[in-house]
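Read the structure below first, then the notes.
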2 protein chains.
Amino acid sequence: MNAVERLTEYGIKPSVQRMAIMGYLMTHRTHPTADEVYSALCDSIPTLSKTTVYNTLKLFVDNRAALMLTIDDKLVRFDGDTSLHSHFLCHRCGKVYDLPYSGKKSEARMPNLEGHNIEEIHHYYKGVCRECLEKEV
Amino acid sequence: MNAVERLTEYGIKPSVQRMAIMGYLMTHRTHPTADEVYSALCDSIPTLSKTTVYNTLKLFVDNRAALMLTIDDKLVRFDGDTSLHSHFLCHRCGKVYDLPYSGKKSEARMPNLEGHNIEEIHHYYKGVCRECLEKEV
DNA sequence: AATAAGTTTGTAATCATTACAAATATAAAA
DNA sequence: TTTTATATTTGTAATGATTACAAACTTATT
């Protein structure tokens, strides 16, 4: 599936900027910040505005074509993979890793907990990643 | 357990400000922001500085006497209850509710997932809370 | 009391994010 | 095609939570 198909699937009309941003999310599974998306694309789209990146990412999230991760208290990150999975933040190198979702699978279908209407589930781990642990020695 | 005991238990030397802030966290399970803590205490401690509130909450978190919640992308919230439990954010009224932890209990003891050293687990739900759903009708 | 160490305070910066209005592009109507 | 309306993008300026920093203050130690 390409970026255009992905956008239309979520009811988002494609444009040069939207395709580029969605394309970046699809090919870079690094959970980038808005600023990282902007920096990566502003060479190929010289007129690109940072406001557009913010607005477009918000549009994706509102239409459930992307996830907004609040795992880091400093920066909001975005994830083009909207399937249910967990995230791990290394507080040493700042990288965010994907992990399989470890909550009860029965809750994957947006349960109704204590009367609340659940729309999103986020599962975050924090610590020191394998790579940083190896460097330690 | 009172605030002083709690502080010393976590190796934090008590002070007027620290006792007041820890006391507030212990008696108000509302997951307050730094600003809310400041506003609540600045009457009883007129000289209190917002910087102190920020520094002190950070001190608590560093010493694991409190949790920092990043469930909301706008505001960092704090929780004096450091036991393993989940949180639910209502995106209509902004309130944060406690929920029982629904991940695998076996992971409660800080597992070693894919070689990473896990130090914290956060489980966030988002949606519309029971109270807001009732008002809707 | 004098000195050192730890804590608090106020002000000024930082910096990610948003508000807003002008400019541009796309679609629809004439 | 031209005109008109609608949608999208852009740049600049503001917002606001958080932090840096150095002075003031408090507590502990010599």
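This is a predicted model, so every value here is computed, not measured. Each chain gets a letter, A, B and so on, in the order the sequences are listed, and its residues count up from 1.
Atom-to-atom, NZ of A/Lys74 to C1' of D/dT19 comes out at 8 Å; the value is rounded to the nearest Å.
Listed nucleotides: D/dT9, C/dT7, C/dT9. Nearest to the side chain of A/Arg18: D/dT9. The listed nucleotides are D/dT10, D/dT8, C/dT7; the one nearest the side chain of A/Asn55 is D/dT10. Closest approach to the A/Lys13 side chain among D/dA7, C/dT8, D/dT9 is made by D/dA7 (side chain taken as heavy atoms from C-beta onward). When distances are taken from the side chain of B/Thr51 to each of D/dT18, C/dT11, C/dA16, the shortest belongs to C/dT11.
Put simply, A/Tyr54 has no side-chain N or O that comes within less than 4.0 Å of OP1 or OP2 on C/dT18.
Remark: the backbone N or O of B/Asn2 is paired with a side-chain donor or acceptor of B/Glu5 at under 3.5 angstrom.
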**OP:** Show your working on side-chain contact (heavy atoms from CB on, under 4.5 Å) between A/Tyr124 and A/Leu89 and close with a plain yes or no.
**Re:** CA-CA 8 Å; A/Tyr124 299 141; A/Leu89 169 69; over 6 Å; no
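Residue B/Ser15 is in sugar-phosphate contact alone, with no base atom involved, counting any heavy-atom pair closer than 4.0 Å across all strands shown. Across all strands, B/Thr47 comes closer than 4.0 Å only to sugar-phosphate atoms, never to a base (heavy-atom distances).
B/His91 and A/Glu119 share a side-chain donor-acceptor pair at under 3.5 Å.
Aromatic pair B/Tyr125/A/His116: ring centres not closer than 6.0 Å.
Residue B/Gln17 is the one, among A/Lys50 and B/Gln17, whose nearest nucleotide of DNA chain C lies closer to the 5' end (criterion: closest heavy atom).
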